[in-house]
Structures are given as C-alpha cells and as structure tokens.
Amino acid sequence: MKSIKSILYKSSLMLTAVLGFGCSDFLDETDKSNFTLENYFTKPEHATSVVNSIYESLRPITVSGFGGGTWMMTEFATGLADTDLGQAQNSLFIKNLINNSDNGYGQTYWTSYYRGIANANLAIAEIPGISMDEAEKNALLGEAYFMRAYYYFHLVRLFGNIPLVTDPIDLTSEDLFAPPADPADVYDRIVADLLEAEKMGLPMRDASGRASQGAVKSLLSSVYLTMAGYPLQRGSEYYALAADKAEEVINSGTFDLFPSYDDLHDPAQNNLGEHIFMIQFAPYLMASTWQVSIIPYNRGISNYSAETGGIFADENFVKAYPEGDKRVEEKAFYYTSYTTRSDRTQSIELGDYYLFKHFDAEAQTNTTSSGLNWPVIRYAEVLLLFAEASNEANGPNTAAYEAVNKIRSRAELPALEGLSKEDLRTAIWKEKWFELSFENKTWFDMVRLRQAYNVTTGLFEDYVGHTFVYGPQVTERELLFPIPTAEMRNNHKLIQNPGY
C-alpha cells in the first residue's frame, strides 16, 4: 500500500478511464509536466482527473491471458468452475483448495483496490477546496465515496482484517503501514461512504458509465444484506435495510431486465437497460482481455491468436439448472459448440460448457478488440437482493415473489407461490446461483450465508465441510483468502488469516 502522494499525483493524471464523455475529453488537456504538488487541485479539470484515476483500479482485475485472470479467483473458489489451462497455477491452487499467500490474484486485488482507495482519499480530501460548479463538485465527490466503498467492500470480504485508511498518506504518515481494523469498523465506513454518496445529486442512471444513484443504492443494499449475515450477523434490521434500498432502485422505474439474454453481452447495450454499473472498455483504445480466457484451448474457433481455455463451467453445475431453464439453452449463458475460424459455416463440438454471457461475438470472429464492458451490478441482482432481504425481514410476501418471479419468467420457468419462508429462501438462493453465475457473486454469497450448493443433490449444505464435486473439501480457512506475502513482509502489523 505504498500509495504516497508523489506517486498518486502522477497516477491521477494518466489516461485512466474510458468513460462515456469521449476520448477527446481525456486527451484535450494541457502539458501535465507543469503540475506540481503546489499547483495541483486548483482547477475543475484536476478534480475530474483524480476521480477518473479512481476508476482505473477496476480494470486490472479483468486482465486475462495464459496465466489466467484475477477475476477467476472467486469463481474457482466456488467449486463450480473448471479450466483447460494447466500453467495457470493461481487458478489451480484455488480450484484444488491448496491456495497460499503467494497467489498473484490476491496481490492484484490488494494492490489495485488500495491504489483506488488512495486516489479516492485524495479526491475526497482535495476536491472540496477547488473553486468550481457546486453540482459538478458534489457529483465527483459522490463518485469518489462510492468507489472507495466499493473497493473496501471487496477487500474486507476477501481478506477480513484489513487496514482502514481514509486520509491521503505520504512517507511521514502514521498510516503508511496501518494496522488491521476491526471488520465491523470497515463495514460501518462503507455504509457511511455510500450514505454520503447518496446525498451528492448523482443521476439514477449514468449512461457514460460513471457511478450513479442506482449504483450507490444497489451496492448499499448488497452491503446491508452482507452485514445481516456472516461475519457480523446483524440480522433482521439489516435485512430490512437491504430490502428498502433495493426497493428504491426497483421503484425508480429506471431499470428493467433485458428481454433477451443476448443483450447481456452486446457492446451496444453497455451501461443501458439492465446494466447499473460496469467496468468500462473501448475497442482499439482500452480493449478488454478476458475474451481469450472464455474460449476453449487452441480449438481454432476465434480470430484471437490466443485461445487459453482459462475458465468454463463445471458440467455438473450446468446440469443442475431446472429442466427447461432458458439460461442453459445453447448460447444463452453457456455454449458447447461454435464455428471455426477457417470456416464460419461449420461448427465443432467443444466438449464443455464455456461462458457465453461474457462472449463478444464481433471481437471473437472479426476484430479481436473487444469493447464489451464487464458487468458489476445488474438489475437482476437487485431483484434477487430485494427478494431475499424482503423474505428474511417479512416472510413470504407479494413483492418478494414478484421480484424473484421476474427472473424466473425470463428463464421461462413457472412462478413461485405458496412457499414457506424457508422454502422461498432456498428457491431465491438457487436463482442467485443460476442467474449470477460467473459474475463474481457466488463465492461472496457462499461465505455470507455459510452455505454451498450441492450440484448432485440439488440441496444447500454447510459451506465448511462442503465437498466439491471433483473431490476437495472446504475447510474453515476458505472463509477468507490469504493476505498476500508481499504485504505481510512490507507491513509487520498485518496478521495472516488462519490456515495460511
């Protein structure tokens, strides 16, 4: 976490976020070599620049190649993913439950997200002093608060006892190597940041890809739901808070489910419709790299020169979907065949269930430069957040049924009705597992609930002691990931998580 000011002032000036206000807005700036610590944070452009830098820390997580990809970390931890990529040791260690603190995926999360937090701290500290339009200032501060909350929410769930730093630091700061904080304090800071962001006048949707009121309220609902469960177990009050925030998003009328699953991976739908918040990419300028990881290893179906087979769905999981579920029709969420590069009129069977919900067909078959955004928050998730939280707070009710049944209706499944609280709870959990698969959601739910889905029996069971269908058994240490070795060496105040 060596995010000292001299480094951060440089990083805040980089071309860091491909957002909807166009490339020329990034490039049409004065010579940045003239910026110093004394004259920076004096103009509105400086405020925009430092907030742009906060978003930059989202993208490293999605970088993929022959070494795998950090975004796969929480997918392999579910036991529901497989890989063709034998050299991706970081993936295999997690998949086989023999992970250790040298895993580069964890280091990327830690480094990237604390860099984002450091830039957010700068923005929150310095932007109030800039003379500029107040509405614009408040909007930028709202984005900074949201992003800081987003990064801390991931770090505390991944690593547990983490440093909580909310002020800019330099080489003389006491917090340069801060001690770990009580996770409850981190969660309370996350909530405080999101409540602050709510006040800042952000629009309910921002089609440019910037944080919006919809994103703030959706994330706050997810935070409250997590706080209701493990590790804090704050219970019914927080389920009610989670339901209220999700309902505000639903009642806004701003978002709706896409009519077709094809829209989920259509770059023309970036930041629109069902998408509430996404990681931004642009072809030929800031292209995404995960396309090479969701295609089979060297089968010649893609125009990309690299075909890594980095991740695909375990067959048993896909076959656990309900009979007739539209999500498992060919080329809905998954695909098992595709045309070849040499002859697009001929298809070949691939032998496994690859991830179609992240598949950019134009990039795969033509350009090899994908502008498909990565989904962070979808309206489908908000509906399921509300359904679960509302059922937990109030028992089965019309609104909870309506929310979950919208998900089932699109999947062409019959509506749920007449269930006990316990049975509706389980039904909603299943919808979350099936609908949000491979979007970096499932492992967090497993840890929050201390529950895992047994794809053989179709039942939920205790997370600790759960056996993956291919053999490894989850132990208590898998409730957290290890704090990276480099961070333990640099900061002697940190305490490694149990079992690592």
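Model, not experiment: these values are computed from the prediction.
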Whether Tyr354 and Phe312 hold their rings parallel, tilted or perpendicular, with breakpoints at 30° and 60°: tilted
Please confirm whether the backbone N or O of Ser64 pairs with a side-chain atom of Thr289, one donor and one acceptor, at under 3.5 Å? yes
I need the minimum non-hydrogen distance between Thr48 and Glu136, along with the two atoms involved. OG1-OE2, 3.9 Å
Criterion side-chain hydrogen bond (donor to acceptor under 3.5 Å, both in side chains) on Trp71 and Tyr109, from CA distance to verdict: CA-CA 9 Å; Trp71 67 274; Tyr109 265 116; over 6 Å; no
Under the side-chain contact (heavy atoms from CB on, under 4.5 Å) rule, what do Asp167 and Asn121 come out as? Steps first, then yes or no, please. CA-CA 5 Å; Asp167 296 315; Asn121 290 343; 5.9 Å; no
Tyr379 side chain reached by Leu257 side chain, heavy atoms, under 4.5 Å: yes
What class does the angle between the rings of Trp433 and Phe460 fall in, given that below 30° is parallel, 30 to 60° is tilted and above 60° is perpendicular? perpendicular
Shortest non-hydrogen contact from His358 to Ile294? O-CD1, 3.3 Å
Parallel, tilted or perpendicular for Tyr151 and Tyr113, by the 30°/60° rule? tilted
Give me the atom names and distance for the closest heavy-atom approach of Asn440 to Trp374. OD1-CZ2, 3.7 Å
Please walk me through it: do Glu143 and Arg148 pass salt bridge (Lys or Arg N to Asp or Glu O under 4.0 Å)? CA-CA 9 Å; Glu143 293 175 48; Arg148 185 167 72 178; over 6 Å; no
To check you understand the geometry: which heavy-atom pair defines the closest contact between Met278 and Asn271, and what is its length? SD-N, 3.2 Å
Just by distance, no angles: are the side chains of Tyr114 and Ser57 close enough, under 3.5 Å, to form a donor-acceptor pair? no
Would you call the rings of His154 and Phe444 parallel, tilted or perpendicular if under 30° counts as parallel and over 60° as perpendicular? perpendicular
For Leu480 and Phe159, the nearest pair of non-hydrogen atoms, with its separation, is CD2-C, 3.8 Å
